[in-house]
Amino acid sequence: MMKRTIIKTTEGAFHAWFSDEGLAALSFPNGRSERDDGADVPVEWIRQTEAALNAILRGEQPKQLPPLDFSRGTEFQQKVWKALLIIGVGQTRSYSEIAHAVGAPGAARAVGGACGANPIPVLVPCHRVLAANQRLGGFSAGLKWKRLLLAREGVGEAELVLR
DNA sequence: AATCGTCGTTCTT
DNA sequence: AAGAACGACGATT
């Protein structure tokens, strides 16, 4: 069903899981080397994933993304993830702004939950979502990654509220 | 820093 | 099938 493939980047080897529909999950480099079962994944998808990932890591807007398979998310989560795709490189939104964008004002906290459940970090840029007043907020993969990604996109520490 | 309101998801009855 | 508990939140005090 799901095939895992290794995506090499300047930051290490990400692992990507592809379904028949497209890219379904992505995980940050974890040190451990895992097996690559993605021999029959369309090379185009792999190429697009690698190119998009490296583009964002360079702080550039990716030309195009591979097809994304959101089908494992709830309706609400899918709405949030789609809303995140609109945020350009170097831009940020607050959890509350996303809540409004998906027609659920007041659900800022629930948006945080949906961001945490985002199966395709980086390409679905949950790292561009901050808490109110430019506070950093959280990140499931660890705040070091959120900081690094934002820094690559030109969002400096200075623009973020400390803490 | 402590507290409360809010709301989708997950865990327990 | 409810109901309680739990957060990558936000606003108030």
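Order of the sequence lines sets the chain letters (A, B, ...), proteins ahead of strands, with each chain counted from 1. Worth saying up front: this structure is predicted, and the values here are computed from it rather than measured.
In DNA chain C, the stems built from three or more successive Watson-Crick or G-U pairs (distances below 3.5 Å) are B:1-5 with C:9-13, B:7-13 with C:1-7.
Atoms CZ (A:Phe139) and P (C:dC9) sit 13 Å apart, rounded to a whole Å. Protein atom CD1 of A:Ile98 is 14 Å distant from nucleotide atom P of C:dC9, rounded to whole Å. Between A:Phe28 atom CZ and C:dA8 atom P the separation is 15 Å, expressed in whole Å. Rounded to whole Å, the distance from CG on A:Leu136 to P on C:dC9 is 10 Å. We find that CD1 of A:Ile87 is positioned 18 Å from P of C:dA8, with the value rounded to whole Å. A straight line from CZ of A:Arg135 to P of C:dC9 spans 8 Å, rounded to a whole angstrom. Here B:dT9 presents its P atom at 9 Å from CD of A:Glu75, a figure rounded to the nearest Å. For the pair A:His100 NE2 and C:dG10 C1', the computed distance is 11 Å after rounding to whole Å.
Here A:Trp145 and A:Phe139 keep their ring centres 6.0 angstrom or further from each other.
Here the side chain of A:Lys146 pairs a donor or acceptor atom with the backbone of A:Leu136 at under 3.5 angstrom.
Residue A:Gly116 is classed as a base contact, given a heavy-atom separation below 4.0 Å to a base. As judged by a 4.0 angstrom heavy-atom cut-off over every strand, A:Ser140 is placed among the base-contacting residues.
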I'd like a list of close polar pairs between nucleotides 3-8 of chain B and the protein, N/O only, cut-off under 3.5 Å.
{"unit_1": "B:dG5", "atom_1": "O6", "unit_2": "A:Arg109", "atom_2": "NH1", "d": "3.1"}

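In summary, A:Arg72 and A:Glu21 do not engage in a salt bridge, as defined by a charged side-chain N under 4.0 Å from a carboxylate O. Between A:Arg4 and A:Asp36 there is no salt bridge, since none of the side-chain N atoms of the basic residue sits less than 4.0 Å from a carboxylate O of the acidic one. Using a 4.0 Å cut-off between a side-chain N of Lys or Arg and a carboxylate O of Asp or Glu, A:Glu50 and A:Lys8 do not qualify as a salt bridge.
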Determine, step by step, whether A:Asn54 and A:Thr9 satisfy the side chain to side chain donor-acceptor pair (under 3.5 Å) criterion, reporting the C-alpha distance in whole Å, the side-chain angles of both residues, the deciding distance to 0.1 Å, and the verdict.
-> CA-CA 6 Å; A:Asn54 278 307; A:Thr9 77; 4.6 Å; no
Please walk me through it: do A:Arg93 and A:Gln91 pass side chain to side chain contact (heavy atoms under 4.5 Å, CB included)?
-> CA-CA 7 Å; A:Arg93 297 282 188 284; A:Gln91 296 185 276; 3.8 Å; yes
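By the neighbour-count criterion of 12 heavy atoms within 6.0 Å, atom CD of A:Glu44 is densely surrounded, having more than that number from other residues, nucleotides or ligands.
Shown here are the salt bridge (Lys or Arg N to Asp or Glu O under 4.0 Å) partners of A:Arg128, two or more places apart in sequence or in another chain: A:Glu153.
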